[in-house]
Each structure stands twice: as C-alpha cells, then as structure tokens.
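Below you will find the structure I want to go over with you.
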2 protein chains.
Amino acid sequence: MVLNKTTSPLKSEELDISAWDMDNCPVRDVIDRISGKWSTLLLEALAIRPYRFGELRRLIPDISQRMLTQTLRDLQRDGYIEREVFPTKPPSVEYRMTDLGRSLFEPLSKVLQWAVVNHADVKAARERFDASELA
Amino acid sequence: MVLNKTTSPLKSEELDISAWDMDNCPVRDVIDRISGKWSTLLLEALAIRPYRFGELRRLIPDISQRMLTQTLRDLQRDGYIEREVFPTKPPSVEYRMTDLGRSLFEPLSKVLQWAVVNHADVKAARERFDASELA
DNA sequence: GAGTGTTGGTCTCAAAAAGAGACTAACACT
DNA sequence: AGTGTTAGTCTCTTTTTGAGACCAACACTC
C-alpha cells in the first residue's frame, strides 16, 4: 500500500463511521421515506392546511393519481399525516398533518428555506460544471 | 357543486399556493437532487471529512459503483462537493465538501437529528398502520 | 330519463431509474 | 507470471415511476 499518506490519518473517526449500522439506521429508515420526489411537496402543502385528494391533485398538476395515492399512504403510514373519509356522495377524503408531521416539518422547512435562498448559487454551480464538461 | 362547505373557506390561502410556480420552483429544483436515496448519506459522510471513492464504497457497502459515481457527480454538479484527482498510479480521487455543501448540511443535519430522535415514534406509527390494514 | 360531471381511488402497460456484476489500464508487490 | 489496487464504464435485469383507462354511485342538466 503506497497511498497511506491519504488514508492513514484519522483512524479514530473512521472507526466512528464504520459503527454506522447500515441495516438498522434510523436516519436511512426515516429519510428514505420522506426523500421521495413528492413527499416534501405534499408535506409542504399539508403544513399550510388540510387538503382533499382532488385538491392536492390539482395543486400539483404533474403528479399522477397513482403516485399521489401511494405517497399519501406512505406519509400516513409513518404517522406524518391523517386521512379522514367523509360519508358524502361521492365520498370525500381529507388529509391533514399530525403533530408528528408538524414536528418533522419544523427542521425540514429550514432546508426548504435554504433551497429558496441558495437557489441561484446552485444554478450557478450547475452552469460552471456543465461548461467544464464540454472540455 | 354540493361540497362547498369543505372547499370554500380560505380562498386567500388557496391563491397563495396556486402561486407556486411548479415549473421553476426553487424548492423542487434543489430538493429533487438532494432527495435521492444516497445523497443524504454521502453528504453525511463528507461532512465529517474528505473521502476517496473506494473509501466511500466500503463505507456504504450496499451502494453500487454505478450509483456512487452518479450521485457524487450530481452532488458535485450542484456545487455541494469537490472532486480532486491525484496523479498517483493508479490515480486516486478525493471528494470533499464545499462551503455551499456545508451551508446546506447545517439545516439538513437538523432533519437527520430529528430522524434519530423520533425513529421510535415513526416505527410505532408504522406498526399501528399495518395492524389496522389487516382489518 | 339519458347524458355529463364529480368523487377517490385501482389496474394495466410503457418508460425511466436503479441494482448486479463483468470489464478496463497501468502500475506495485510477491 | 500472478494477484491486487485504483476509479470508473458498460451491459443486463429488476424495480420504480408515469400515463391513462376504468370503476360505482350519486347530482345536476336537458
């Protein structure tokens, strides 16, 4: 091994990380589910007020009913939102955020705010990267 | 329309939301890229110290080389990490977090902490949901 | 009373993304 | 000469996602 110079330092931190339990990692378990393409968007909407299925579909025009159903069910399963069926005809269904969901959305909204504030920087970085790619 | 009772209130907030520009939404543009299955995990590692390609692969045993390459390139493109090639033989490549990456990781780490703290609640919610599903 | 619209989904099929694993070149060490 | 290392790419299969048809039951219109 010739490259020890770059790999040898910080053995202790390395051990620290290999202690990550990849199979039962809370972070992966939780994040994998809220990191879907639509999850954040739906949490963002339901953080404002409850919405009905059809309202959400109209609010996010490019989501398919299939993914809307599935993402809402996943969010409900993990306890972030509640689903209530009203026995009207045709039945209407309302989704609303739970306390757990609101508690998650608090730190999550900070990341969303970061995205708004730093959007220009990210786009600039992308342009630099794409420009240097053509070389 | 018979269901006006449920849909009529809060017209102003509704307008607020339909003002979301779905096509050029900063939140979607930024979040869609860091919300991949592996992005958060890699940012978490590189927040600690720089790592080389092979180190990251060993650190996250269940990532394929293909997805590791691709996710690292995406994170680099958006300006969160830097890639440096050392002209050793065989060449070694080091990935390190940029200032922009660190600034993103600050709020992001709060969500990660939330995940650790509330993991039990989420698992409990899942079990309740799955139990009520069999009905 | 036939036609149209509304509700919240499910079902099927096509397209896109992700995972598994073989393969590469150039050198070090045995 | 044979094995191991590096950071990838390439191909093939499996999984995930998207597009759209379809559903039942009722309200309203003509």
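Proteins come first, then strands; the chains are lettered A, B, ... in the order of their sequence lines, and each starts at number 1.
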- Does a side-chain heavy-atom distance below 4.5 Å link B/Leu72 with B/Arg83?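 No - every pair of side-chain heavy atoms lies 4.5 Å or more apart.
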
- Roughly how many Å is it from CZ in A/Arg52 to C1' in C/dT7, rounded to a whole number?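 In whole Å, C/dT7 C1' and A/Arg52 CZ are 7 Å from each other.
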
- Task: Check side chain to side chain contact (heavy atoms under 4.5 Å, CB included) between B/Glu106 and all other residues, then give those that pass, not counting sequence neighbours.
- Result: none

- Task: Using atom CD1 of A/Ile63 as one end and atom C1' of C/dG8 as the other, report the distance to the nearest whole Å.
- Result: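 Rounding to the nearest Å, CD1 of A/Ile63 and C1' of C/dG8 are 14 Å apart.
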
- Task: In whole angstrom, give the distance that lies between atom CD of B/Glu84 and atom P of D/dG8.
- Result: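 Spelled out: CD on B/Glu84 to P on D/dG8 is 13 Å.
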
- N or O in side chain of B/Lys37 less than 4.0 angstrom from C/dG19 OP1/OP2: yes

- Query: To the nearest angstrom, how far is B/Arg57 atom CZ from C/dG19 atom C1'?
  - Reply: 15 Å

- Task: Answer yes or no: does a side-chain N or O of A/Arg58 lie under 4.0 Å from OP1 or OP2 of C/dT7?
- Result: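 True: A/Arg58 side-chain N/O within range (under 4.0 Å) of C/dT7 OP1/OP2.
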
- Could you check which residues of residues 73-83 of chain B get a heavy atom under 4.0 Å from DNA chain D? Sort them by number, please.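 Contacting residues: B/Arg73, B/Arg83.
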
- Distance, rounded to the nearest Å, where B/Tyr95 contributes OH and D/dG8 contributes C1': 8 Å

- Look at the side-chain N and O atoms of B/Trp38 and state whether any lies under 4.0 Å from the OP1 or OP2 oxygen of C/dG19.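 Looking at the OP1 and OP2 atoms of C/dG19, one of them is under 4.0 Å from a side-chain N or O of B/Trp38.
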
- Find the distance between CZ (B/Arg66) and OG1 (B/Thr71) and round it off to the nearest 0.5 Å. 9.5 Å

- Item | Nucleotide C/dG5, atom C1' - distance to NZ of A/Lys89 in whole Å |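 A/Lys89 atom NZ is separated from C/dG5 atom C1' by 18 Å.
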
- Task: Name all residues meeting the side chain to side chain contact (heavy atoms under 4.5 Å, CB included) criterion together with B/Ala47; count only those two or more places apart in sequence or in a different chain, and write none if there are none.
- Result: B/Met97, B/Phe105

Would you tabulate the nitrogen or oxygen pairs shorter than 3.5 Å linking the protein to nucleotides 13-16 of chain C?
none

- Query: How would you list, by chain and number, every residue that makes a side chain to side chain contact (heavy atoms under 4.5 Å, CB included) with A/Asp29, sequence neighbours excluded?
  - Reply: A/Arg33, B/His119, B/Lys123, B/Arg126

- Task: Please determine which of B/Leu104, B/Leu100, B/Asp99 meets the side chain to side chain contact (heavy atoms under 4.5 Å, CB included) test together with A/Asp121.
- Result: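 Answer after filtering B/Leu104, B/Leu100, B/Asp99: B/Leu100.
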
- Query: Between D/dA7 atom C1' and B/Met67 atom CE, what is the distance in whole Å?
  - Reply: 17 Å

- Once you round it to whole Å, what is the distance between P of C/dG8 and CD of A/Glu55?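 Taking atom P of C/dG8 as the reference, CD of A/Glu55 is at 8 Å.
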
- Working to the nearest 0.5 Å, report the span between CZ of B/Arg73 and CG of B/Asp78.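 One finds 13.5 Å between CZ of B/Arg73 and CG of B/Asp78.
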
- Note on the structure: Contacts of A/Gln65 and B/Ser64 projected onto DNA chain C by closest heavy atom; the upstream (5') one is A/Gln65

- Task: Quick one: list whatever passes side chain to side chain contact (heavy atoms under 4.5 Å, CB included) with A/Thr40, sequence neighbours left out.
- Result: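 Partners of A/Thr40 by the side chain to side chain contact (heavy atoms under 4.5 Å, CB included) criterion, ordered by chain and then number, come out as A/Leu108, A/Leu112, B/Ile31.
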
- Item | Phosphate OP1/OP2 of D/dT17 contacted by A/Gln70 side-chain N/O (<4.0 Å) |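 The answer is yes; a side-chain N or O of A/Gln70 sits under 4.0 Å from OP1 or OP2.
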
- Taking the six-membered ring of A/Phe53 (Phe, Tyr or Trp), confirm whether the NZ or CZ of A/Arg57 is under 6.0 Å from its centre and within 45° of its axis. no

